[in-house]
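Beneath this line is the structure, given in structure tokens, with notes to follow.
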2 protein chains.
Amino acid sequence: MVISKIDKMHSLSKNQQIIFDLIDKSPEPLKAYTILFNVQKKGIKAPPQVYRALDKLVEMGKIHKIESRNAFIACHNSSCQVAKATAFSICEICEKVTEISSAGLSKYLANFKDKDGMKYSKYNLEFFGLCKKCR
Amino acid sequence: MVISKIDKMHSLSKNQQIIFDLIDKSPEPLKAYTILFNVQKKGIKAPPQVYRALDKLVEMGKIHKIESRNAFIACHNSSCQVAKATAFSICEICEKVTEISSAGLSKYLANFKDKDGMKYSKYNLEFFGLCKKCR
DNA sequence: CTTATAAATGTTATATTATTACATAGTGTT
DNA sequence: AACACTATGTAATAATATAACATTTATAAG
Ligand SMILES: [Zn+2]
Ligand SMILES: [Zn+2]
Ligand SMILES: [Zn+2]
Ligand SMILES: [Zn+2]
């Protein structure tokens, strides 16, 4: 047995790997149909194949969806344990997106309780502004 | 002149008013095509009419878009000056959405700076969890 | 190895969300 | 009236996402 149980559990299926590789190499967030177009040469021909892989990759925390852009980026927080606690900065000019990893911020938000004392299991935060280059 | 300049500047056009009223009365976020369906009897017949009104209302801070749901809710923070600083709690069971208004939270986020010292002009935060009723 | 089960894939069609483009009408200003 | 600006009406289409169902592949158990 070349691949251990643990490794296998964390490994990606064929389509997942193809799509993750594409997103991971991309300097910018990719949209589902951009992905579809770019993997058709690898045999992935239809939207459901792309969306299914994206769903799984998001679940695993390997990628994140930028909700305001309907686009996906790879997680670079060492394969994010925090698919449930995401924060991004988005440049409104060049559309550059960066995942924010701030211990202070995540601690603050993880502990945030609203007026009803409701505590949350998950959050997504998107900051907008101008990046260094565009300022 | 019955309507002053200032009043006029802040007043809504016919379609904007119709669509705002519908959203404002709704206990839950409304999607664009749900809105379209509900205002057809008032003469708004096509998607662009709805999307244009929604865009303006969002700009004005009269409504907010819940990005993770592609849906819109009325602002209840006294016609939100803070269209640029929004936070919501979303129940993952019943889909109830509440706008969070916490001085502490908004202060924390408004002052948040990332590692590059980038300061942001806008943010949107969505918390997910279970509401009182669903817990 | 066989069987059972779950996960992933392939495929067609369709649903949902959003925009482009262009023509027309109203509003406020000079 | 002439102009600029905002809003509206309308048709067509683009972009994003899911439903449904058949098939295959991977994993685990007996
Ligand atoms: Zn991450
Ligand atoms: Zn930029
Ligand atoms: Zn508000
Ligand atoms: Zn609930």
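Numbers restart at 1 for each chain; the letters A, B, ... are given by sequence-line order, proteins then strands. Bear in mind the structure is a predicted one, so any value in this text is a computation, not a measurement.
Scanning for side-chain hydrogen bond (donor to acceptor under 3.5 Å, both in side chains) contacts around Glu92(A) gives an empty result, with sequence neighbours left out. For Ser102(B), the side-chain hydrogen bond (donor to acceptor under 3.5 Å, both in side chains) test picks out no residue, with sequence neighbours left out.
Ring geometry for Phe112(A) against Phe127(B) counts as parallel: the plane angle stays under 30°, on a 0 to 90° scale with 60° as the upper cut.
At least one side-chain heavy atom of Ile35(A) sits under 4.5 Å from a side-chain heavy atom of Leu22(A).
Taking 4.0 angstrom as the limit, Ser13(A) places none of its side-chain polar atoms (N or O) nearer than this to OP1 or OP2 of dT25(D). At the phosphate of dA7(D), neither OP1 nor OP2 sits under 4.0 Å from any side-chain N or O atom of Lys14(B). Contact annotation: Lys65(A) side-chain N/O to dA17(D) OP1/OP2 distance is under 4.0 Å. The phosphate of dT19(C) has neither OP1 nor OP2 within less than 4.0 Å of any side-chain N or O from Tyr51(B).
Between Arg69(B) and Pro48(B), the residue anchored closer to the 5' end of DNA chain C is Arg69(B), taking for each the nucleotide with the nearest heavy atom. Judged by closest nucleotide on DNA chain D, Pro47(B) is the one of Arg52(A) and Pro47(B) placed further toward the 5' end. Mapping Gly43(A) and Asn70(A) onto DNA chain C by nearest heavy atom places Gly43(A) closer to the 5' end of the strand.
Atom-to-atom distance recorded for Asn15(A):CG and Lys42(A):NZ is 11.5 Å, nearest 0.5 angstrom.
Distance from the side chain of Gln49(A) is smallest for dT9(C) among the nucleotides dT8(D), dT12(C), dT9(C). Listed nucleotides dG9(D), dT18(D), dA8(C) differ in distance to Asn15(B); the shortest reach to its side chain belongs to dG9(D).
Rounded to whole Å, atom C1' of dA7(C) lies 14 Å from atom CG of Asp55(A).
Looking at residues 21-40 of chain A, you'll see Lys31(A), Tyr33(A) sit with a heavy atom under 4.0 Å from some atom of DNA chain D.
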